[in-house]
Amino acid sequence: AAPPPLIGLQGRASILPLMNFDLAGTSLLKEWKEHIFHGKTLYSIEIERDQAKFLRAFSQGTSSVLFKEIQMKPSERPILKWEWRAVRFPSNKQNRILAAKPDNDFAARVYAVFKGKLPFSSDVIQYVWDDHFPEGAFATSPFAKNVRILVIQGGAQNDSGGWVSEERDLVEDYKLLFGKAPSGDLMGVGIMSDSDNTGTSSEAHFRHLAIEKFRI
């Protein structure tokens, strides 16, 4: 099972701000890059009733990821934080094996990308919100052996339909998923909603993405 994020670290560590990414800023769609796997997911800045802004990701049989290149050493103990909510889950899944090729769509994914051993290679953690498999379930992507998929929200949206906050210790999660400590720098973060493998649709909202670090 996935380690409880940050539990046991309170009292012996403090958290320092390091990077904040404005997911609701008008410059986001210009400053972040988009990698298209199968058609473009629609990314747009939307406004809530209270006038707060957020990033909406809507997929109609498409799959593309927004990503931001960064550089940070694992020794800095990066903590990835964000808020999200799953609005629409891709349907027509068989739900026999997590992330099987025909099922490899998720309402929401958040990426953490580490530099791999070989040039132009990378190790990728994908945090996903799935409506079937439980929190802590994880698998290797059937499309790339260096990609690990970890469920950190399992089940449909919470009853209130509100925002859910996440905090992930990237080094500890990397150890869990790859069986070793990361040797390369953290190279990027990304956001996606996709539904191309099921040929259906999906939607998620994101805001307040940031990277902090522990000071032990």
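This one's a predicted model, so the numbers in the text were calculated from it and none came from an experiment.
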Among pairs that include at least one residue of residues 176-190, which meet side chain to side chain donor-acceptor pair (under 3.5 Å), considering only residues two or more places apart or in two chains?
Gln71-Asp185
Between Phe206 and Trp84, how do the two ring planes meet: parallel, tilted or perpendicular, split at 30° and 60°?
tilted
Should the ring pair Phe178 and Tyr174 be called parallel, tilted or perpendicular, given that the plane angle runs from 0 to 90° and is split at 30 and 60?
parallel
Would you say that more than 12 heavy atoms from the other residues, nucleotides or ligands in this model lie under 6.0 Å from the NZ of Lys115, or not?
no
Residue of the set Phe106, Tyr111, Trp82 for which side-chain contact (heavy atoms from CB on, under 4.5 Å) holds with Tyr127:
Trp82
Contacts of Phe54 meeting ring-ring contact (aromatic ring centres under 6.0 Å, His included) (sequence neighbours excluded), chain-then-number -> Trp163, His205
With the threshold set at 4.0 Å, does a side-chain nitrogen-carboxylate oxygen contact exist between Glu48 and Arg85?
yes
With Thr198 as reference, evaluate Asn92, Asp103, Asp105 under the side chain to side chain donor-acceptor pair (under 3.5 Å) test and give the passing residue.
Asp105
Would you please say whether a donor-acceptor pair under 3.5 Å links the side chains of Glu203 and Ser201?
no
Hey, are Ser193 and Thr41 close enough side-chain-wise for a donor-acceptor pair under 3.5 Å?
no
Hphob cluster co-occupancy, Trp32 + Met187, side-chain heavy atoms under 4.5 angstrom:
no
Ser63 side chain vs Asp194 backbone, donor-acceptor pair below 3.5 Å
no
